[in-house]
K.L.:
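Can you read through this structure? Questions will come right after.
Every chain is numbered from 1, with letters handed out A, B, ... down the list of sequences. Computed from a prediction, not measured in an experiment: that's the story for all the values here. The figures that follow rest on heavy atoms only: side chains count, while hydrogens, waters and symmetry mates do not.
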Protein chains: 2
Amino acid sequence: MPTECQNCPLRKLSLFVDMSDQEVDFMQRFKSGELEVEAGTTLMMEGSNSPQLFTVLQGMGLRYKTFENGERQVINFVLPGDFIGLQAGVMREMQHSVEATTPMTLCVFDRKAVWALFRDQPERAFDLTWLAAVEEHLLGESLAIVGHMNGMGRVARAFVRLHDRADALGLLTNGEMHLPYKQQDLADALGLSLVHTNKTLKKLREQGVATWRNSRLKILSYPKLCSLAELSESREPMQRPLI
Amino acid sequence: MPTECQNCPLRKLSLFVDMSDQEVDFMQRFKSGELEVEAGTTLMMEGSNSPQLFTVLQGMGLRYKTFENGERQVINFVLPGDFIGLQAGVMREMQHSVEATTPMTLCVFDRKAVWALFRDQPERAFDLTWLAAVEEHLLGESLAIVGHMNGMGRVARAFVRLHDRADALGLLTNGEMHLPYKQQDLADALGLSLVHTNKTLKKLREQGVATWRNSRLKILSYPKLCSLAELSESREPMQRPLI
DNA sequence: CGGGCTCTTGACACAAGTCAAATCGCGTGG
DNA sequence: CCACGCGATTTGACTTGTGTCAAGAGCCCG
């Protein structure tokens with residue numbers, strides 16, 4: 001039984017900007033269906049042009065680029081509310097791949113409908129661009145992190161960001177969240193080697209800052225973590241549209 | 001005497017997708033004026049919300065984020081045809097600063113007109129989103145470069161990218177281009193220290209691959225440079241819209 | 001019970017950062 | 001016209017954060 005946009009649990013989160021009834025109505029028509037995939041499914045392939053676009057309702061995944069030598073750069077982590085396939089929607093093809101790391105429920109849109117959206121729903125088209133700008137912002141931040149922070153700083157930053165995102169999505173219980181990734185995934189996201197990432201995680205454990213075991217991330221001392229991440233403890237999350 | 005969009009020299013480049021007469025006409029009305037700034041001018045300020053957006057007609061600049069400790073991460077280099085201020089246009093504020101490193105001529109648009117663009121010109125709104133997606137792609141690439149390549153690879157990659165961009169813009173003469181940046185700028189873009197960047201440049205000189213002096217970059221051996229950058233020599237440039 | 005992933009650890013090598021000082025270029029002012 | 005000062009570029013010496021290699025431990029699943 002597919003979710004009605006009207007009842008979409010994500011919409012109610014304060015993380016996302018409010019939608020008018022009329023907009024909700026349009027989204028309902030824009031939505032072409034719902035998709036459930038199992039962990040490990042590749043949702044988008046670098047270089048391909050998917051006929052479908054998605055919004056994540058449940059589950060987590062990864063965006064990444066692959067190199068000739070087989071290595072990967074993880075672009076970012078995919079959480080509920082994320083839009084997948086913007087590049088396929090407006091450019092010829094995707095520039096990165098997207099993979100599910102848990103079972104996922106996805107809202108499906110028809111690529112061709114994107115044009116209708118621009119023609120008939122300028123507000124929503126605007127939101128799509130907004131989303132692209134948010135994405136650009138996040139990538140710029142990642143670039144800054146990888147470009148300027150050492151191993152400990154990068155891991156701490158990643159944890160703070162994930163913690164905050166989970167918090168905004170209501171996925172946090174007692175400072176604990178589901179983090180269904182491998183250490184290699186985190187390493188590939190931060191531009192660190194697996195070994196060094198592992199040793200950094202160990203330090204965080206020993207210092208009583210955070211533990212990450214069995215796919216569960218537990219923040220033991222948010223202040224310490226923020227300090228390592230060179231972030232102030234009070235940052236208001238940026239609101240963004242949901243599509 | 002401001003340039004007529006009709007006669008815009010950039011439009012004719014094959015790098016940019018063609019525009020219908022009607023679109024050119026709209027752009028002419030969308031354009032609110034032209035601006036000339038001198039080198040060193042800050043065009044956009046991180047955290048601010050500029051009332052104006054720009055497209056670069058002439059000159060070069062830098063996008064960057066600043067850290068609490070005064071360091072910078074250069075997000076990318078700004079060349080003619082680049083659109084500046086997308087974030088200000090759709091989000092509350094800019095997430096990075098933009099600075100001119102040479103005198104620049106800019107096409108000026110009114111931020112408020114962006115909404116009119118979405119309402120009245122869906123094709124152009126689509127192009128704006130397209131541009132945002134291109135930006136996202138480029139940032140993803142930068143992230144991959146900084147995350148996975150060593151100093152030599154990064155510098156080589158940067159040179160190839162700049163060379164190709166200049167080429168597509170017709171700014172190349174005998175494999176030579178104007179590159180009005182400091183070594184510190186390049187270092188900040190690549191996440192390297194100034195000293196290490198300098199030593200890497202020296203190696204490139206000694207190996208007869210490329211020289212960069214007096215703001216002029218000269219590629220002596222494109223094949224060697226591509227090999228260092230781990231890129232094939234034949235890559236077709238991605239077409240994108242001009243706004 | 002065995003095979004195949006992850007995750008951990010230790011030892012070692014090296015790329016890149018830091019510190020410090022010399023040189024070069026250039027505009028300014030005496 | 002030369003001396004000075006300041007920013008950018010070079011270089012050398014030393015330190016250290018990370019990568020690489022290799023092997024073992026833990027765990028799940030067939």
K.L.:
If you take all heavy atoms of B:Pro180 and B:Met60, which pair is closest and at what distance?
P.N.:
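Looks like CD-SD, 3.3 Å.
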K.L.:
Among all residues two or more places apart in sequence or in another chain, which pass the side-chain hydrogen bond (donor to acceptor under 3.5 Å, both in side chains) test with B:Asp82?
P.N.:
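side-chain hydrogen bond (donor to acceptor under 3.5 Å, both in side chains) check on B:Asp82 returns B:Arg165, B:Arg240.
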K.L.:
Applying salt bridge (charged side-chain N to carboxylate O under 4.0 Å, His left out), which residue pairs with at least one partner in residues 174-184 of chain A are found, sequence neighbours left out?
P.N.:
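The answer is A:Glu176-A:Arg216, A:Glu176-A:Lys218.
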K.L.:
Please report the distance, rounded to the nearest Å, between CD in B:Gln183 and P in C:dG25.
P.N.:
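Checked: the CD to P distance equals 14 Å.
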K.L.:
For A:Asn198 and C:dT6, give me the distance from atom CG to atom P, rounded to whole Å.
P.N.:
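Rounded to whole Å, this separation is 14 Å.
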K.L.:
C:dC7, OP1 or OP2 - any side-chain N/O from A:Gln184 closer than 4.0 Å?
P.N.:
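No, because none of the side-chain N or O atoms of A:Gln184 sits under 4.0 Å from OP1 or OP2 of C:dC7.
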K.L.:
Just to verify, what does B:Asn49 make a side-chain contact (heavy atoms from CB on, under 4.5 Å) with, not counting sequence neighbours?
P.N.:
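Listed in chain order: B:Ala88, B:Arg111.
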K.L.:
Output the rounded distance in Å from NZ (B:Lys182) to P (C:dG25).
P.N.:
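Rounded to the whole Å, the gap is 18 Å.
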K.L.:
Whole Å only: how far is the CZ atom of A:Arg213 from the C1' atom of C:dC7?
P.N.:
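Distance, rounded to whole Å: 10 Å.
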K.L.:
Of all nucleotides in DNA chain D with an atom under 4.0 Å from a non-hydrogen atom of chain A, which is the first and which the last going 5' to 3'?
P.N.:
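Going 5' to 3' along DNA chain D, contacts run D:dT18 to D:dC21.
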K.L.:
Does anything in residues 35-45 of chain B pair up under salt bridge (charged side-chain N to carboxylate O under 4.0 Å, His left out), and if so which pairs, sequence neighbours excluded?
P.N.:
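Sorted pair list comes back empty.
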K.L.:
With ring-ring contact (aromatic ring centres under 6.0 Å, His included) as the rule and sequence neighbours excluded, what pairs involving residues 175-224 of chain B come up?
P.N.:
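As it turns out, the ring-ring contact (aromatic ring centres under 6.0 Å, His included) pairs with a partner in residues 175-224 of chain B, which skip direct neighbours, are B:Phe77-B:Tyr181, B:His163-B:Tyr222.
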K.L.:
Any pair with a residue in residues 145-160 of chain B that passes salt bridge (charged side-chain N to carboxylate O under 4.0 Å, His left out), sequence neighbours left out, goes on the list, sorted by first then second residue, please.
P.N.:
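Applying salt bridge (charged side-chain N to carboxylate O under 4.0 Å, His left out) to every pair that reaches into residues 145-160 of chain B, excluding sequence neighbours, yields nothing.
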K.L.:
Answer whether the closest heavy-atom distance between the side chains of B:His96 and B:Gln87 falls below 4.5 Å.
P.N.:
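Sidechains of B:Gln87 and B:His96: in contact.
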K.L.:
C:dT6 C1' sits how many Å from A:Leu201 CG, rounded?
P.N.:
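So the two atoms are 13 Å apart, to the nearest Å.
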K.L.:
Sequence neighbours left out, cut at 3.5 Å: what donor-acceptor pairs do the side chains of residues 133-140 of chain B make with other protein atoms?
P.N.:
from	atom 1	to	atom 2	distance (Å)
B:Glu135	OE2	B:Asn76	ND2	3.0

K.L.:
Mind running a 4.0 Å heavy-atom check of residues 144-151 of chain A against DNA chain D and sending the residues that fall below it, in number order?
P.N.:
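Within residues 144-151 of chain A, the residues near DNA chain D are A:Asn150, A:Gly151.
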K.L.:
What residues, two or more places apart in sequence or in another chain, satisfy side-chain contact (heavy atoms from CB on, under 4.5 Å) together with B:Ser232?
P.N.:
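Residues passing side-chain contact (heavy atoms from CB on, under 4.5 Å) with B:Ser232: B:Ser234, B:Arg235.
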K.L.:
Could you run through nucleotides 17-24 of chain C and give me one letter per nucleotide, 5' to 3': B if any protein heavy atom sits under 4.0 Å from the base, S if only the sugar-phosphate is that close, - if neither?
P.N.:
SBB-----
K.L.:
I need the full list of side-chain hydrogen bond (donor to acceptor under 3.5 Å, both in side chains) pairs touching residues 184-193 of chain B, with sequence neighbours left out, sorted by first then second residue.
P.N.:
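For residues 184-193 of chain B: B:Arg72-B:Asp185, B:Arg72-B:Asp188, B:Gln184-B:Asp188.
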